[in-house]
Number of protein chains: 2
Amino acid sequence: MAGLFKVAAEAEEDGGLLSDRIRNALTDEIASGALVAGSALEEQQLADRFGASRTPVREALRQLVVSGLVEVRGRRGVVVARMTPERIMDMFETSAEVEAMCVRLATYRMTPLERSRLIELHEGSRAMVEASDVDAYDAFNRVFHECIYSATHNSFMAEQAQDVRARLSAFRRTQLRQGDRIRKSRDEHDAIMQAIAEGDGETASRRMRAHMLNAAAALRRYIEDRVRSVQSPEPDDV
Amino acid sequence: MAGLFKVAAEAEEDGGLLSDRIRNALTDEIASGALVAGSALEEQQLADRFGASRTPVREALRQLVVSGLVEVRGRRGVVVARMTPERIMDMFETSAEVEAMCVRLATYRMTPLERSRLIELHEGSRAMVEASDVDAYDAFNRVFHECIYSATHNSFMAEQAQDVRARLSAFRRTQLRQGDRIRKSRDEHDAIMQAIAEGDGETASRRMRAHMLNAAAALRRYIEDRVRSVQSPEPDDV
DNA sequence: TTATGGGTTTACGTATACACTAATTGACAT
DNA sequence: ATGTCAATTAGTGTATACGTAAACCCATAA
């Protein structure tokens, strides 16, 4: 999983490997929700869409299987990973624990430069909250957490955290639109920053965990509201 | 990463997919150290070895790339992932934090049945220490930690922990042969079990982290001893 | 002796063809 | 009308073939 987004982070070079381009495209479409969970991914159909043969499509799908974004169903092809509400909550809880783990180490190890960079980012987010700019805050949020990852000075841990976070990106944005979640999110960031400034990694860790779990709870409320209004379609079942 | 060992955990059925069998075989060979880091993996050569064509071999290699066990080098094929000592220590530290995270949740959530199962396992390890049976203790150790993973009652977290642990399996066994590491390892397990029995997840977590970092330190000493005696070969470089 | 250039070769990346499994559909019997 | 069985078909899994790019080697010149 470590390398899943390494290539995606590189340029959009069309000269890259076809199988990698297909993998990145599918990754984006799944993470963004353009490909809904449970929908079948047919090899020839994807090959036609990307103007390629089945070979690179197959390799892309196999990589997505390992990264957990799609699931194989025997010989019946692959489907976009079906996330049950329980599994989504499990992933959010894991993400909360991982973030808590990272911020604890980061607090003890970050350089003054990294600290000032984080403070600068945090200050900049105030305007986004005032403007209720969800997209801007979502982008800031991503950078904010990535800065904490790298401040652990443990590249492997940073990759792991990044992977977990990436797999939740499809849900995070919807969560931010819930009520005044943005404002609360920034307040929680503020409390975390305070603990970091005091060099109290344990407190920063606890606050980060609570912060992430609050985000998960906001998402849960959001989902339950939608389930109440729309009957769940159950697009594909055994 | 999540699904990396899901298939490996299944039976050794030869009827399974050829690409999966190849992937599992290569995974085992890399994890066990049979394939040393830095060695090139040629597609046709592997195809001949497994009596298959290049197609399933390529798919297996692509999956190993995502799981981080091998690295691509432009068009020059893939090589077994080159682990620098720094990266290995990063992985051990991450593993330590992940284990600490798991045992904390597990302490709060495990059922009486899971607790008694863990106690039973721990008791059984005493005889292995007395007999200095490294292989048996290594196998026990794996089950012991997996029980803690599942006791988190968070399947996603359990998978993540399992993946991190699996990627270190090649080093863990050598580490156990260092001095009287086995006896100390069991003593540390004992302290962890005590905290679990008292329902003190925070203490269990701290002790687990220390336990894992001790294992990493033992490995480091072991590696440094070997580096001192043998000049590092540097089998393949840029 | 060393550096550079071109030719050769090897191996990857992709396309296409074939095999085989399993899902689907239709017919027939109950 | 419904259930079951067989035939068809659609789609995956694997093999093979082809194009291309990079590495290697050797010859030649400075």
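Values reported hereafter were calculated over all heavy atoms of this structure, with side chains retained and with hydrogens, waters and symmetry mates removed. First the proteins, then the strands, lettered A, B, ... as listed; each starts at 1.
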Legend entry - Reference residue Glu43(B); test salt bridge (Lys or Arg N to Asp or Glu O under 4.0 Å); the match among Arg54(B), Arg76(B), Arg49(B): Arg54(B)
Legend entry - Pro56(A) vs Val78(B), nearer the 5' end of DNA chain C by closest nucleotide: Val78(B)
Inset, instruction - Figure out the CD/C1' separation between Glu43(B) and dC12(C), and round it to whole Å. - result: 6 Å
Legend entry - Boundaries of the chain A footprint along DNA chain D (any atom under 4.0 Å from a heavy atom): dG11(D) to dT14(D)
Legend entry - Whole angstrom value for the distance that separates P of dC12(C) from CZ of Arg73(B): 12 Å
Legend entry - Polar side-chain atom of Ser67(B) near backbone of Leu64(B) as donor-acceptor pair, under 3.5 Å: yes
Legend entry - Distance-only donor-acceptor check, side chains Glu99(B) and Tyr149(B), under 3.5 Å: yes
Legend entry - With sequence neighbours excluded, residues passing side chain to side chain donor-acceptor pair (under 3.5 Å) with Ser125(B): Arg186(B)
Inset, instruction - Please state how far atom CD in Gln63(A) lies from atom P in dG13(C), giving the value in whole angstrom units. - result: 11 Å
Legend entry - Any donor-acceptor N/O pair, Arg109(A) side chain to Thr152(A) backbone, under 3.5 Å: yes
Inset, instruction - Would you mind building the protein contact string for nucleotides 16-21 of chain C? One character per nucleotide, 5' to 3', B for base within reach (heavy atoms under 4.0 Å), S for sugar-phosphate only, - for untouched. - result: BB---S
Inset, instruction - Would you confirm whether Arg87(B), through its side chain, and Ser155(A), through its main-chain N or O, come within 3.5 Å as a donor-acceptor pair? - result: no
Legend entry - Rounded interatomic separation in angstrom, taking CD from Gln44(B) and P from dG13(C): 14 Å
Legend entry - Between P of dT14(C) and CZ of Arg58(B), the distance in whole Å: 7 Å
Inset, instruction - Measure the shortest side-chain to side-chain distance between Arg62(A) and Arg23(B) over non-hydrogen atoms and say whether it is less than 4.5 angstrom. - result: no
Legend entry - Distance in Å, Met128(B) CE paired with Asp135(B) CG, rounded so as to fall on 0.5 Å steps: 11.0 Å
